[in-house]
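No hydrogens, no waters, no symmetry mates; every other heavy atom, side chains included, goes into these values. Below, chain A is the first sequence line, B the second, and so on; all start at residue 1.
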Amino acid sequence: MAKVLTSKEENYSQWYNDLVTKADLAENSSVRGCMVIKPYGYAIWEKIQNILDTMFKKTGHSNAYFPLLIPKSFFSKEASHVEGFAKECAIVTHYRLKNSPDGKGVIVDETAKLEEELIIRPTSETIIWSTYKNWIQSYRDLPLLINQWANIVRWEMRTRLFLRTSEFLWQEGHTAHATKEEAIEETNKMLNIYAEFAEKTLGIPVIIGKKSDSEKFAGAIDTYCIEAMMLDGKALQAGTSHFLGQNFAKAFDVKFTNKEGKLDYVWATSWGVSTRLIGALIMAHSDNNGLVLPPKIAPIQVVIIPIYKNEQEHSIVLNKCKEIKEKLENVALTVKLDDRDTQKPGWKFAEYELKGIPIRIAVGPKDIENGTIEIARRDTLEKKLIPNDNFSENVLKLLDDIQQNIYNKALKFREQHTYKIDNYTEFKTAIENGGFFEAFWDGTPETEAKIKDETKATIRCIPQYSNDKEGFCMVTGKPSKKRVIFARAY
RNA sequence: CGGGGUAUAGCGCAGUUGGCUAGCGUAUCUGCUUUGGGAGCAGAGGGUCGCAAGUUCGAGUCUUGCUACCCCGACCA
């Protein structure tokens, strides 16, 4: 087979870039740092949207849409929020262009300067909370459970397709509650939804935990996250959920009358996942032949390729393929029949492997004669012949197997690259090869900064679930309540 | 914003001490043969050599300036 991808052993980042472009997921645009998401990549995003959206609706959330542009003054209302985002905001200053005097193109019309400059949203807390102020008066208006699917802009220094781009797509949930407990419960609920989605649908095992103060969202009391391990041993934050306390309610004066008739500030949460999940999907499962997609997220689950020598064989084989397609569609699978005669079967095999289609079915004259079909699975690259009657059940079962196998493989990989470590000198060496390191930390920002400075590793999260006893910080030797996860991260 | 690199056909690249008609692979188009793992042969089309100025009889090649992009840092989901 012709080699189209750089192997991931040879150059991991190049492998990733090759994969994204060759599998036709996305490409760089003429705007620096912004990507064009191509139809196949966007189809994956649509699957992510559909499945998550259903989960949000089931838990009582509704979608709404807030503006792209936010008055600059809104930003200064919550101190740590401004500080966190100020350095990466795009600003709209004018509203009109005019013909350039030299006749070459257009220039900004300086007379059309905005009274108040507008910020292109890097996140929507401020515009949303300024709106919620008018929506909430009484405990009867609560909880307010809103989500929006949107694009946002953060002016990034260095970008990579899906993992970090200046503009990206995401969903952001913003909820308001009458009590602290209820808001905390919401924060956890959404975090668990993300974890379930990552594991069950994307086949990516995640560690659920809490961020240290330095990694916290600007404006949050607590930030929780799910962290996944990529195939190079680096960590990727796959979703976040924030308990915002009353910070934004106070900043935007959102008060309600409680059951006792007293005025109080509401309690808030926000939570989000982005197109970065597509990057996670790629780097969690793929191999040197291309993308490997879990069946539940694959835009096409089964591809059928007819094989024939002449027109007569073609019509017989094609009829069989159509019959197979129909049967599989009857059991709710998404199936593509690739009957193009402009490409040869071998070319198609390689192409659909590159694109990560979970199952490939090939039908040729020999199969018709023997009453079989050839079925190949993408995750293991195994091929086998199965009887051509009653194959639907086989296919369904195989898809389940693939989904499970992809998850198991990723989990095993993470376990093999997760280490308990108590000695900082050993840590400094070991971190070079990637992986997650469970280590005791004294809980101080100083120690955290020292480790980051010396090793580029950060605390990915303080895990929610662990059965560790207390110990001593690997750097300072001070007492520590539990182990935290250190890793280098995307 | 620092340090390094690149810019030649859609994509990936070569082009020597300046030398006359700018080439290779791949993709594209046409025809024939092929079709169970990225087909073969024959032919064809496709270029402001990043932009601007300079040196020269002559510049893809040398000089200067500019611009864009990539990689490594700082910043970040």
**Asked** Separation of A/K355 atom NZ from B/G38 atom P, in whole Å?
**Response** 19 Å
**Touch class at under 4.0 angstrom, heavy-atom based, for A/L163 against every strand present** = base
**Prompt:** For atom C1', what is the distance between B/A22 and B/G40, given to the nearest Å?
**Reply:** 29 Å
**Item:** A/M157 side chain, from C-beta outward: closest of B/G37, B/G36, B/A74
**Value:** B/A74
**Prompt:** Say you pick atom P in B/G36 and the same atom in B/U17; how far apart are they, in whole Å?
**Reply:** 48 Å
**Request:** Using a heavy-atom cut-off of under 4.0 Å over every strand shown, decide if A/R32 touches base, sugar-phosphate, or nothing.
**Result:** sugar-phosphate
**Asked** Which nucleotide in the set B/G36, B/G38, B/G37 lies at the smallest distance from any side-chain heavy atom of A/L354?
**Response** B/G38
**Message:** Could you tell me how far B/A52 sits from B/G43 if I compare only their C1' atoms? Round to whole Å.
**Reply:** 41 Å
**Prompt:** What nucleic acid atoms does A/F217 come within less than 4.0 Å of, heavy atoms only: base, sugar-phosphate, or nothing?
**Reply:** nothing
**Request:** Go ahead and name the base partner of B/G10; Watson-Crick or wobble counts if both distances stay under 3.5 Å, otherwise write none.
**Result:** B/U26
**Assigned partner base of B/A74, Watson-Crick or wobble definition, under 3.5 Å** = none
**Message:** Can you check the distance between B/G10 and B/A27, where both ends of the measurement are the P atom (answer in whole Å)?
**Reply:** 16 Å
**Asked** When the distance from OH of A/Y308 to P of B/G36 is rounded to whole Å, what number comes out?
**Response** 11 Å
**Asked** Are the charged groups of A/E326 and A/K322 less than 4.0 angstrom apart, N to O?
**Response** no
**Prompt:** Is a donor-acceptor contact shorter than 3.5 angstrom present between the side chain of A/Q343 and the base of B/G38?
**Reply:** no
**Prompt:** Centroid-to-centroid, A/F75 to A/H81, below 6.0 Å?
**Reply:** yes
Which donor-acceptor pairs under 3.5 Å do side chains of residues 199-209 of chain A form with protein atoms, sequence neighbours excluded?
unit_1: A/E199; atom_1: OE2; unit_2: A/V206; atom_2: N; d: 2.9

**Whole-Å gap separating P (B/G12) and CG (A/D18)** = 11 Å
**Request:** Send over the distance from A/R340 CZ to B/G38 P, rounded to a whole Å.
**Result:** 16 Å
**Euclidean distance for C1', B/C66 against B/C24 (whole angstrom)** = 32 Å
**Request:** Would you please indicate yes or no on a ring centroid separation below 6.0 angstrom for A/W271 and A/F56?
**Result:** yes
**Prompt:** Mapping A/E167 and A/S13 onto RNA chain B by nearest heavy atom, which one lands closer to the 5' end?
**Reply:** A/S13
**Item:** Residue met sooner reading RNA chain B from 5', once A/W347 and A/Y490 are mapped to nucleotides
**Value:** A/W347
**Message:** With a 3.5 Å limit on both atom pairs, tell me what B/G18 is paired to, counting Watson-Crick and G-U wobble, or say none.
**Reply:** none
**Prompt:** P atom, B/A7 versus B/U61: distance in rounded Å?
**Reply:** 12 Å
**Message:** My understanding is that a pair needs two contacts under 3.5 Å, Watson-Crick or G-U wobble. By that rule, which nucleotide pairs with B/U55?
**Reply:** none
**Asked** Checking all strands, does A/T240 fall into the base, sugar-phosphate, or nothing category for heavy-atom contacts under 4.0 angstrom?
**Response** nothing
**Asked** Does a side chain donor of either A/H314 or A/D339 reach within less than 3.5 Å of an acceptor in the other side chain?
**Response** yes
**Message:** When the C1' atoms of B/C41 and B/U34 are compared, how many Å lie between them, rounded to an integer?
**Reply:** 11 Å
**Message:** Taking B/C75 as the reference, what is the distance to B/A68 when you measure between their C1' atoms (whole Å, please)?
**Reply:** 23 Å
**Message:** Just by distance, no angles: are the side chains of A/D53 and A/N63 close enough, under 3.5 Å, to form a donor-acceptor pair?
**Reply:** yes
**Fill in**
Rounded to whole Å, NZ of A/K348 lies from P of B/A39 at a distance of 12 Å
**Request:** Write down the distance between NZ (A/K87) and P (B/C1), rounded to a whole number of angstrom.
**Result:** 17 Å
**Request:** Could you list all the ring-ring contact (aromatic ring centres under 6.0 Å, His included) pairs where at least one residue sits in residues 368-390 of chain A, not counting sequence neighbours?
**Result:** none
**Item:** Pair partner, B/U61 [Watson-Crick or wobble, under 3.5 Å]
**Value:** none
**Message:** What is the separation between atom CD on A/E156 and atom C1' on B/A74, rounded to the nearest whole Å?
**Reply:** 13 Å
**Complete:** A/I305 atom CD1 is separated from B/G36 atom C1', nearest whole Å, by 11 Å
**Message:** Is the phosphate of B/G73 approached by A/K456 (side-chain N or O, under 4.0 Å from OP1 or OP2)?
**Reply:** yes
**Request:** Return yes if a side-chain donor-acceptor contact under 3.5 Å exists between A/D18 and A/Q14, otherwise no.
**Result:** yes
**Prompt:** OP1 or OP2 of B/G37 less than 4.0 angstrom from a side-chain nitrogen or oxygen of A/R360, does that happen here?
**Reply:** no
**Item:** Nucleotide forming a Watson-Crick or wobble pair with B/G50, both distances under 3.5 Å
**Value:** B/C66
**Fill in**
Under a 3.5 Å limit on both distances, the Watson-Crick or wobble mate of B/C32 is B/G40
**Prompt:** Hey, does the side-chain of A/K344 have a donor or acceptor N/O within less than 3.5 Å of a partner on the base of B/G40?
**Reply:** no
**Request:** Pick base, sugar-phosphate or nothing for A/N28, based on heavy-atom distances below 4.0 Å to the nucleic acid.
**Result:** nothing
**Request:** Looking at every strand, decide which applies to A/T275 at a 4.0 Å heavy-atom threshold: base, sugar-phosphate, or nothing.
**Result:** nothing
